[in-house]
Amino acid sequence: MSEHKAIISWKRTSPDFLLGQYSREHTWSFDGGVIVPASPSPSVVPAPYSNPANVDPEEAFVAAISSCHMLTYLFLSCRQGFQVDSYRDEAVGLMTKNEQGTPWVSLVTLHPQISYSGAKLPAPADEERLHHQAHEQCFIANSIKTEVAVRGVADGDAMQNNAG
């Protein structure tokens with residue numbers, strides 16, 4: 001199949017590491033040359049030991065789910081003759097605690113807003129089917145136990161899928 005790599009790099013910049021007083025800012029480097037400034041979420045590690053301007057792992061997780069769903073949805077729409085002009089999603093991840101009290105991202109809700117043009121436009125049932133198929137075929141959704149819900153499908157109803 002394929003292999004996907006990321007280089008995560010952090011370096012101590014203060015003498016107070018053993019006191020827990022150190023920056024958690026780091027970088028994510030990818031094979032295409034992109035370097036992303038990363039940090040824990042300020043809701044997990046307060047400033048100055050985090051940087052709210054950087055991407056945190058929870059945001060990246062939500063973005064990966066949304067991006068994979070979108071890419072799969074675009075592929076399926078194209079194959080079924082629906083011309084998509086734009087796709088925007090304001091995805092939201094919900095952090096809760098599991099039975100052991102450990103925080104985890106238990107739910108990611110997608111809010112896709114999709115524009116189409118052309119002679120063949122999808123009915124709400126087509127969109128619901130496409131979102132369901134996109135979830136079933138998304139590599140990331142097949143790799144997680146987090147629940148993924150799609151809002152705004154079929155007149156505002158939610159489509160929910162348990163990935164695990």
Side-chain angles (χ1 to χ4, degrees), residues 2 4-10 20-30 34-77 82 84-116 122-164:
S2 63
H4 304 273
K5 297 179 181 179
I7 298 170
I8 311 306
S9 182
W10 172 88
Q21 299 173 350
Y22 60 94
S23 173
R24 274 73 163 181
E25 289 185 62
H26 55 285
T27 59
W28 300 341
S29 302
F30 299 95
V34 172
I35 298 174
V36 177
S39 172
S41 168
S43 67
V44 176
V45 177
Y49 307 116
S50 65
N51 185 340
N54 293 4
V55 176
D56 64 63
E58 296 83 4
E59 291 171 324
F61 181 71
V62 171
I65 293 168
S66 175
S67 181
C68 186
H69 184 91
M70 177 199 70
L71 292 168
T72 309
Y73 187 93
L74 295 175
F75 170 77
L76 293 168
S77 294
F82 300 120
V84 177
D85 292 334
S86 68
Y87 185 113
R88 176 179 166 82
D89 184 9
E90 294 187 24
V92 178
L94 178 65
M95 199 112 148
T96 60
K97 290 187 177 181
N98 67 14
E99 300 78 29
Q100 293 78 32
T102 304
W104 72 298
V105 180
S106 59
L107 172 66
V108 172
T109 304
L110 309 179
H111 300 92
Q113 299 172 345
I114 307 165
S115 297
Y116 305 88
D126 293 320
E127 284 189 299
E128 186 172 356
R129 179 179 40 77
L130 285 165
H131 281 295
H132 181 75
Q133 290 174 340
H135 179 76
E136 292 295 315
Q137 296 179 31
C138 170
F139 308 146
I140 302 300
N142 279 292
S143 303
I144 62 172
K145 67 179 183 178
T146 298
E147 179 181 340
V148 178
V150 181
R151 301 270 179 212
V153 178
D155 301 319
D157 293 337
M159 177 195 76
Q160 294 191 333
N161 295 291
N162 288 327

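No hydrogens, no waters, no symmetry mates; every other heavy atom, side chains included, goes into these values. These numbers come from a predicted model, not from an experiment.
With sequence neighbours left out, F82 forms a ring-ring contact (aromatic ring centres under 6.0 Å, His included) with no residue at all.
S43 and S41 make their closest contact through OG-OG, 2.8 Å (heavy atoms, listed as atom of the first residue, atom of the second, distance). Of all the heavy atoms in K5 and F30, the pair that sits closest is O-CD2, 4.1 Å. The two residues N142 and C138 come nearest to each other via the heavy atoms ND2-O, 2.8 Å. Of all the heavy atoms in L110 and A91, the pair that sits closest is CD2-CB, 3.8 Å. For L76 against A134, the heavy-atom pair with the smallest separation is CD1-N, 3.5 Å. In this structure, S39 and P57 approach most closely via the heavy-atom pair O-CD, 3.5 Å.
The 12-atom threshold is not exceeded at CZ of F139, counting heavy atoms of other residues, nucleotides or ligands nearer than 6.0 Å. More than 12 heavy atoms of other residues, nucleotides or ligands lie within 6.0 Å of CD1 in I8, so this atom counts as buried by the packing criterion.
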### Message
For V150 and H135: C-alpha separation, side-chain torsions, deciding distance, then whether side-chain contact (heavy atoms from CB on, under 4.5 Å) applies.
### Response
CA-CA 9 Å; V150 181; H135 179 76; over 6 Å; no

### Query
Should Y116 and E127 be marked as a side-chain contact (heavy atoms from CB on, under 4.5 Å) after you check the CA-CA gap, both sets of side-chain angles, and the distance that decides it?
CA-CA 11 Å; Y116 305 88; E127 284 189 299; 2.7 Å; yes

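Of the possible donor and acceptor atoms, one in the side chain of S50 sits under 3.5 Å from a partner among the backbone N and O of V45. Side chain of T146 to backbone of V105: a donor-acceptor contact under 3.5 angstrom is found. Looking at W10, its side chain does come within 3.5 Å of a backbone N or O of S23 through a donor-acceptor pair.
Residues D126 and R129 meet the side-chain proximity criterion, which asks for heavy atoms closer than 4.5 Å. Contact check for T109 versus L94: no side-chain heavy atoms found under the 4.5 Å cut-off. Within the 4.5 Å cutoff, side-chain heavy atoms of I114 are placed close to those of H131. Under the 4.5 Å side-chain criterion, counting only non-hydrogen atoms from C-beta, S66 is not in contact with V108.
Pairs engaging residues 87-114 under the salt bridge (charged side-chain N to carboxylate O under 4.0 Å, His left out) rule: R88-E90 [sequence neighbours left out]. For the salt bridge (charged side-chain N to carboxylate O under 4.0 Å, His left out) condition, no pair includes a residue of residues 38-65, sequence neighbours left out.
Here T72 contributes atom OG1 and Q133 contributes atom CD; the two are 11.0 Å apart, rounded to the nearest 0.5 Å. Interatomic distance, L130 CG to L74 CG, rounded to the nearest 0.5 Å: 10.5 Å. Atom-to-atom distance recorded for I140:CD1 and H69:NE2 is 13.5 Å, nearest 0.5 angstrom.
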